[in-house]
Number of protein chains: 2
Amino acid sequence: MATIRDVAKAAGVSIATVSRVYNNQSLVSPQTTQLILKIADELEYVPNSAARNLIMRRTHTLGVLLPDLYGEFYSELIRGIELVAHRHGFQILLSSSFHGPEDIVMASKAMLGRIDGVIMMSPDKRSMRTAEKISGKVPVVLLNPGEPIEGCHVVAVDNFAGARAATKHLLDLGHRRLAMVAGPEDNIDALDRQEGFRRALIDAGLDPEEALVIPGDFRELSGFKAARVIMGQDPRPTAVFAANDGMAIGLMAALQDKGLALPDDMAVVGFDDITLAGFVTPPLTTVKVDAGCLGGRAVEIMLETLDMEETAPTQRVVLPAHLKVRSSCGIPAGRDHFSRRPWMEPEPHHPEKPVATEYGDEEVQP
Amino acid sequence: MATIRDVAKAAGVSIATVSRVYNNQSLVSPQTTQLILKIADELEYVPNSAARNLIMRRTHTLGVLLPDLYGEFYSELIRGIELVAHRHGFQILLSSSFHGPEDIVMASKAMLGRIDGVIMMSPDKRSMRTAEKISGKVPVVLLNPGEPIEGCHVVAVDNFAGARAATKHLLDLGHRRLAMVAGPEDNIDALDRQEGFRRALIDAGLDPEEALVIPGDFRELSGFKAARVIMGQDPRPTAVFAANDGMAIGLMAALQDKGLALPDDMAVVGFDDITLAGFVTPPLTTVKVDAGCLGGRAVEIMLETLDMEETAPTQRVVLPAHLKVRSSCGIPAGRDHFSRRPWMEPEPHHPEKPVATEYGDEEVQP
DNA sequence: ATTCAGCATGTAAAGGGTTTCATAAAATCC
DNA sequence: GGATTTTATGAAACCCTTTACATGCTGAAT
C-alpha cells in the first residue's frame, strides 16, 4: 500500500508537503497541490488513519459498549448513536455481548488509543465499576447506570416514573388485580420498572407483595409463556404490565391463542414503544422510551465534552418516559370513535428527521 | 496517560522488556514480569492500541458499512456480525446512514489503517463500485450485492427464490388476484423479491403486469398505507405479498382496522421472519431470512481470509430463504388442529446458541 | 541597497509501541 | 574449567503521520 513517502518521492517533494496538502491546503502552492493530488490518485494513496490517530490524539471515533444487541431497543439506540455521530464525522467502535466484567474491561482496553470517548451501557451494577477505570483516560457517558459514577456523564431514561404511570393508568381504569411480567433480575432498567410498578400499587393502597410478578427475560417468548401462569391464577388478574413491549406482545399472542378477547378480558401494557407496538392488534398501550434519542443525546454530550479542553462538570440528563395510551389497556372513555390508530404520524423515525432535535421535553438535573 | 516509557523508567528496565511482558511473557523472567505488571497496575498503564495497530499492521477490527440501521433486519445483522467477531476477539468499526457514494468512500477511507477487513452492504448498485476501490487495500466481504465484484467475497440471501416460493404458496392456495407491497425502488433486496414475485406469477401462467404492485419503503407505515390502495381495488385482491415483515404487519393492522378478518378475507405473506412475526395475530407467514447468520457467515469468511496470507479465491455463499408457513396466508388443510403457534422453539436466538453453527443448509456456489 | 515580512518547502522530532539484532550473564556440556 | 548454548535484557530501527522550526526565496517597505 502506498504511503506518504511514496507519494512524496514520486512528486519530488518532501513528505511534509504531501501531508500539508491533506491537512491545510493553503500552506501549499496550487501547482504543487494539483501535482500531489494527481500522483496520490494514481498511486491510490490513502492516509493511514492509525498513524494519524497516534500523532493527532484525535480519532473521530466513539467507543460503544453495550450489554447486548437483541431487540429493537438496542437497534434504535445504536441507530441514534450512529446518526448523530455520523453527522459530526464520527465513527463507532462497537463491542457487545459480554460474559462478565473482565470481558468488558478487555474490550475497553482494546479501544484505548483508538477512541476519543466511550459511551457505555452496563449489563449490571457490578460491571459499572469498569466505568471508573476508563473515566480516568477518556470521557465516559453512561447510559442508564444504576447509580451515578464519579466523573462520568449520565443519560438515563426515567424507567421508574414510566412504570409507575403505566401501572397507575391501569389502576385508574379500575383494575385491582394486577400482574407484572418482569425483566432479567440483574438488569437495571428491569429493576427500576419493577419498582415503579410496586410504587404505583402502594400509592393506590394495595399491597405490592400480593401482586403476581412473573420472571421474564425481555424476550417475546418469555411473555408468551407467562400467559400460562396468568391463566392459572384464581382469581385471575385483569391487567398485566410487561416490562417491555416484546414480552407484552408475546403475552398478547398467547392470551389471544387461549381465546381471550383483548382488551376486554385482559388489559395489557408494555414498555419501550417499539415501532411494532402501534401495529399489533389491539394496538399496544405502552411507555414511550426514545432509545434513539437516548443514544443521540449521549453522543452530543460526548462531543460537547470533547470540544472543551478543560474537564467540564459532569452532566446528568434524564429523559422522560411518557405513557402512550392505545387500545390494549381498554379504550378509555371518549376515545372509541377515534380511528383505532390515531397517533399515527406521517413519517415516524424517518432518517431525514434528526433524532437529535427532538429533545424538547427532556429534564436536566444539575 | 502513562506510556510504556513511564513503566520502563519506573521499573528500571527498557521499553523492550515492558513490551515483551504484554506480548510474549516467556521471553521475560518471572520476577521481572511480576515487577513490571505491578508497576503497570499502579500507573494504570494500558498499551495504546493505535500505536500497536500501526506497527503490527493488525487491528483486530472489522469495518462494517451499512446503508441503514432501521429495523430488525439490520439489528440482527449487526448482532450476528458482532457475535462472531467478539468470539474471535474482534471489534466492529461501524459506519452507516450514507447519503451517497462519496459519503461511503469517505467513511471507508477514514477506516483504512484501523481495520483488517471490510464487510459492506450497499444501499444501491451505484455505491457498489466503492467496493472495488477498497478491495485493493483490505479484504472485502459483500452482503447481498446486486452483482459480484471482482476480488470481493459475497454472502447473499436468496431473495429471488424466497419471494418466488412465497408467491407460489399463495397461488397454490388458490389465490389468483395477488398484490405486492414493494420495497424501496433502488434497493437490491427489494428488487430481487419483486422479481421472484413476478416469476412465480409467470410460472402460474398469469400476467405479472396485471398484478397490483404498491410502492413501499420497508417501514411499517408504508404497509399500513398500502391497505387503502388495496381496499380501493375492484375486484379486490385476495392475497398480498409484502416485501418485508414490517410492511406486512403494518398492512395487517390496517386491514384489521378496516374490519377484514385475516386470513379469511385476505391472505398476507411477509419476508424476513422477524421475531415478532410469530407473535402477531394471526401469526405471519413469511420467508425466513437469517440476518444474524448472514452477518456471522460474512465475518467467518473474513477471518478465514485474514488467516491465509496469500490471497485466496473469492467465495460466494448464498443463504437459502425458506418459506415459513404460519396462519396469515390461510391455514393449510390438515393444520387447523395444531396449536396456532406450533413452530415455537424453546429459546430462539439465544445468545449462548451460536449463530455461526447453524449454517447446515446453506448452498455454496463456486 | 538593505531590511523585513511572507510564502513555499524541507528537516527532523515526536507519537507509543514492536521487533531484530547485539550483548552480557547464566546454564550446559565434555 | 573452557567452550557452547541458553536466557534475559537493552539499543535502535521501524510503522506512517503531523508539525515546530529552519531555510531560502520573492517582493515590498524604507
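The chains referred to below are lettered A, B, ... by the order of the sequence lines, with proteins before strands, and numbering in each begins at 1.
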The side chain of [X] is closest to which nucleotide in this list: [options]?
| X | options | answer |
| --- | --- | --- |
| B:R20 | C:dG17, C:dT20, D:dT18 | C:dT20 |
| B:T32 | D:dA8, C:dG15, C:dG17 | D:dA8 |
| A:I55 | C:dT18, D:dT18, C:dG10 | D:dT18 |
| B:S14 | D:dG10, C:dG17, D:dT17 | D:dG10 |

When the distance from [atom1] of [X] to [atom2] of [N] is rounded to whole Å, what number comes out?
| X | N | atom1 | atom2 | answer |
| --- | --- | --- | --- | --- |
| A:M56 | D:dC15 | CE | P | 21 Å |
| A:R114 | C:dG16 | CZ | C1' | 15 Å |
| A:R58 | D:dT17 | CZ | C1' | 17 Å |
| B:Y22 | C:dG17 | OH | P | 9 Å |
| A:R5 | D:dC15 | CZ | P | 8 Å |
| A:N24 | D:dT18 | CG | C1' | 12 Å |
| A:I4 | D:dT19 | CD1 | C1' | 11 Å |
| B:L54 | D:dA13 | CG | C1' | 14 Å |

* B:A51 or B:T17: which one's nearest nucleotide on DNA chain C is closer to the 5' end? ->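 The 5'-side residue here is B:A51.
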Under 4.0 Å, heavy atoms only, any strand: does [X] hit a base, just the sugar-phosphate, or nothing?
| X | answer |
| --- | --- |
| A:V7 | nothing |
| A:V13 | sugar-phosphate |
| B:V46 | sugar-phosphate |
| A:N53 | nothing |

If you compare every side-chain N and O of [X] against the phosphate oxygens of [N] (OP1, OP2), does one of them come in below 4.0 Å?
| X | N | result |
| --- | --- | --- |
| A:N48 | D:dT17 | no |
| A:R52 | D:dT18 | yes |
| B:R57 | D:dC14 | no |
| B:S19 | C:dG17 | no |
| A:Y45 | D:dT17 | yes |
| B:S29 | D:dT9 | yes |

Do [X] and [Y] pair up side chain to side chain, a donor and an acceptor below 3.5 Å, judged on atom types alone?
| X | Y | value |
| --- | --- | --- |
| B:H60 | B:N53 | no |
| A:N48 | B:R57 | no |
| B:E304 | B:Q315 | yes |

For the student: nearest non-hydrogen atoms of [X] and [Y], plus distance:
| X | Y | result |
| --- | --- | --- |
| B:V138 | B:I115 | CG1-O, 4.3 Å |
| A:M1 | A:D6 | O-OD2, 4.0 Å |
| B:H86 | A:S97 | NE2-O, 3.4 Å |

* Hey, which sits more toward the 5' end of DNA chain D by its nearest nucleotide, B:L27 or A:A16? =>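 Between the two, 5'-proximity favours B:L27.
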* Nearest nucleotide by nearest heavy atom, which residue falls closer to the 5' end of DNA chain D, B:S26 or A:I15? ->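 The 5'-side residue here is B:S26.
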